[in-house]
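Working notes, structure below.
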Amino acid sequence: MKPQTETALGAALKTAVQSLSKKKQTEMIAEHIYGKFDVFRQFRPLALGIHESLIAALPQFDPQLISRVVANHCRKPRYIKSLARGGRRFDLAGKPAGEVTADEKKAAELQSQPKPAAQTQPVPEAPVATPETPAADN
């Protein structure tokens, strides 16, 4: 495979993108990824190391921000439910690239379960000093 050389237009785009705030860049990357790759839009289990494929496919974006977008995607409840179903993992082209392991499936199942509501118990009041019960000295 031939290494990609950066064109003048690619360099200009990269400079323009990097002049935006990190938050704006992250939003732009997410919008681009969801628009270009069906595997993200469909919340299918992603191939391990897919962030490296994205970094190679999107040289105009900061690699750290691409990794952040992938991490954010993988924390979404819809993605976690997809992992909990198990089955195949998919690459950027939507082709099978591995399987969700039993341990990964189990972890996703646990993560997708609703959290029990915190039981509210009345907070005991601090003892009030009365003539019968003197306050404790500190």
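Excluded from the calculations below are hydrogen atoms, water molecules and symmetry mates; all remaining heavy atoms, backbone and side chain alike, are included. Note that the coordinates shown come from a computational prediction; the quantities given were computed from them, not determined experimentally.
Atom CD of Gln42 is surrounded by more than 12 heavy atoms from other residues, nucleotides or ligands within 6.0 Å. Around the CD atom of Glu99, the shell of radius 6.0 Å holds more than 12 heavy atoms that belong to other residues, nucleotides or ligands.
Both Val39 and Ile55 belong to a single network of hydrophobic side chains, linked directly or stepwise wherever heavy atoms of I, L, V, M, F, W or Y lie under 4.5 Å apart. When the side chains of ILVMFWY residues are joined at heavy-atom separations under 4.5 Å, either directly or via intervening members, Tyr34 and Leu58 end up in a single hydrophobic cluster.
The distance from the CD atom of Glu109 to the CD atom of Gln111 is 11.5 Å, given to the nearest 0.5 Å. To the nearest 0.5 Å, atoms CD1 (Ile66) and CZ (Phe61) are separated by 7.0 Å.
Residues Val100 and Gly86 approach most closely at CB-CA, 4.0 Å, considering heavy atoms. The shortest heavy-atom contact between Ala84 and Ala108 is N-CB, 3.6 Å. The minimum heavy-atom distance between Tyr79 and Leu46, with the atom names listed, is OH-N, 3.0 Å. Contact detail for Ser82 and Phe43: the closest heavy-atom pair is OG-O, 2.8 Å. Of all non-hydrogen atoms in Leu92 and Phe37, the two that sit nearest each other are O-CD2, 3.7 Å.
Residues that satisfy the side chain to side chain contact (heavy atoms under 4.5 Å, CB included) test with Lys36, not counting sequence neighbours, are His32. Take Phe40 and apply the ring-ring contact (aromatic ring centres under 6.0 Å, His included) test, not counting sequence neighbours, and it matches His73. Remark: Leu65 engages Lys22, Gln25, Thr26, Ile29, Asp62, Arg68 in a side chain to side chain contact (heavy atoms under 4.5 Å, CB included) (not counting sequence neighbours).
In this structure, the side chains of Met28 and Lys24 stay at 4.5 Å or more apart for every pair of heavy atoms. The shortest side-chain heavy-atom distance between Ser67 and Leu54 does not fall under the 4.5 Å cut-off.
Screening residues 45-59 for side chain to side chain donor-acceptor pair (under 3.5 Å) gives no qualifying pairs among residues at least two apart or on separate chains. Within the structure, the salt bridge (Lys or Arg N to Asp or Glu O under 4.0 Å) test picks out the following pairs touching residues 70-98 (sequence neighbours left out): Arg89-Glu104.
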